[in-house]
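Let me begin by presenting the structure, written as structure tokens, before commenting on it.
Remember, predicted model here, so these are calculated numbers, not experimental data.
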Amino acid sequence: MPELPEVETVRRALDQALTGHKITKVDVRAKGLRKPFPKNLKSSLSGRKIVKCTRRAKYALVEFDDENILVIHLGMSGRIMLHDKCLSYKPEKHDHLVLTFNNGLRMALNDARRFGMVFMVARDQMVNHDAFRELGPEPLERRFTGAVLARALAGRRSAIKAALLDQRIVAGLGNIYVSEALFGAGISPLREAGSLSSAEAALLCRSIKKVLKKAVAAGGSSLKDYKRPDGELGYFQHNFAVYGREGQACPGCDCNAGRTGGIKRIVQGGRSTFFCPQKQG
DNA sequence: CTCCTGTCCTGCCGGC
DNA sequence: TGCCGGCAGGACAGGA
């Protein structure tokens, strides 16, 4: 679910609300999500102070005043809600982990489908951890360039859509933003990944950065059960050019009146892809 | 290696 | 109104 812009929105909210504050209570309300929670989760969190909240790919990282980092992946349906001290808090259905802080805030990790992940990692072990070792570049960093992308795609026979979902190529894109980025670059999702020219890779790289930046600025997208931690809705979903818009015209276009019948939905690797055959021939 | 499929789990929506 | 099948933003294992 949550892709880079949504996780980044969560990260910012956590960083703002929780940095400098200490965990006074740890309520572990489930055995785990996708995997069991670490056995020492409660003891390693209790009494710890948050130093900062960061992000790598779709992982939110809560960094503490010891050597440990709490790693949270929201999976498909995960969300984090911050509950103000002024309001009485009753655990909601699927609140699996609830942290209380010395400023009165509560942080609840809620995940209906339990596809999410929670684990602890020592700061100096992070790069060696299975979850991070093979991750590709951060798309919003300067070192992610058209040339870097072209190199990662070289020789790949799979569709560019599938390649962009592969976190080893570039980290943080998911099903929604891949469709959006390909549309922005005017590249068909069906193209063989390794067949992109260097000019096309450069175009795609720029498009990825552009759509992610705009989505972050909008507070991410709210679809189904994803909400920002403050309970406000991200509103980037209103800016989707193609995602979920089958049969409609793509932006500034009358393609739904023409031969191609507007935005198409196809299934690649069991997942929906949306694109405009006219602009992404 | 790379690619492809199936699986984990619950909720919701549309169709009948 | 009620039931049921299909679908959902991700990651990973296992087999070809």
Using a 3.5 Å cut-off and no angle test, enumerate the donor-acceptor pairs between side-chain atoms of residues 210-217 of chain A and protein atoms at least two apart in sequence or in another chain.
none

- Task: Would you list the pairs meeting side chain to side chain donor-acceptor pair (under 3.5 Å) in which at least one residue belongs to residues 146-157 of chain A, sequence neighbours left out?
- Result: Arg157(A)-Glu192(A)
- Task: Dot-bracket notation for DNA chain C is requested: 5' to 3', Watson-Crick or G-U wobble pairs only, both distances under 3.5 Å, with ( ), [ ], | and . as defined.
- Result: .|||||||.|||||||
- Query: Which nucleotide sits closest to the side chain of Ala112(A): dG9(C), dA11(C), dG11(B)?
  - Reply: dG11(B)
Give every donor-acceptor pair under 3.5 Å between a side-chain atom in residues 27-38 of chain A and any protein atom, sequence neighbours left out.
from, atom 1, to, atom 2, distance (Å)
Asp27(A), OD2, Arg29(A), NH1, 3.3
Arg29(A), NE, Asp95(A), O, 3.2

- Task: For each nucleotide in nucleotides 2-8 of chain B, reading 5' to 3', give B when a protein heavy atom comes within less than 4.0 Å of its base, S when such contact involves only the sugar-phosphate, and - otherwise.
- Result: SSS---B
- Query: What's in the same ILVMFWY side-chain cluster as Tyr89(A), cut-off under 4.5 Å, chained through other members?
  - Reply: Val98(A)
- Note on the structure: Tracing side-chain contacts under 4.5 Å among Ile, Leu, Val, Met, Phe, Trp and Tyr outward from Met126(A) reaches Tyr59(A), Leu61(A), Ile69(A), Val71(A), Met117(A), Phe119(A), Val121(A), Phe132(A), Leu135(A)
- Base, sugar-phosphate, or nothing: which does Lys35(A) touch, judged by heavy atoms less than 4.0 Å apart? nothing
Extract all donor-acceptor atom pairs below 3.5 Å that involve side chains of residues 158-165 of chain A and protein atoms in other chains or at least two apart in sequence.
from, atom 1, to, atom 2, distance (Å)
Lys161(A), NZ, Asn175(A), OD1, 2.8
Lys161(A), NZ, Ser272(A), O, 3.2
Lys161(A), NZ, Thr273(A), OG1, 2.7

- Any pair counted as salt bridge (charged side-chain N to carboxylate O under 4.0 Å, His left out), so long as it reaches residues 121-138 of chain A, sequence neighbours left out: Arg55(A)-Glu138(A), Arg56(A)-Glu138(A), Glu63(A)-Arg123(A), Asp130(A)-Arg133(A)
- Message: Tell me whether the side-chain N/O atoms of Gln167(A) come closer than 4.0 Å to OP1 or OP2 in dA11(C).
- Response: yes
- For Phe274(A), check ring pair (Phe, Tyr, Trp, His ring centres under 6.0 Å) against everything at least two apart and list the hits. Tyr243(A)
- Message: Once side chain to side chain contact (heavy atoms under 4.5 Å, CB included) is applied, do any residues pair with Ser197(A), and if so which ones, sequence neighbours excluded?
- Response: Ala199(A), Glu200(A)
- Message: Using atom P in both nucleotides, what's the gap between dT5(B) and dC7(C) to the nearest angstrom?
- Response: 15 Å
Where do N or O atoms of nucleotides 14-16 of chain C meet protein N or O atoms at under 3.5 Å, pair by pair?
none

- Query: Is it true that the side chains of Asn102(A) and His21(A) contain a donor and an acceptor less than 3.5 Å apart?
  - Reply: yes
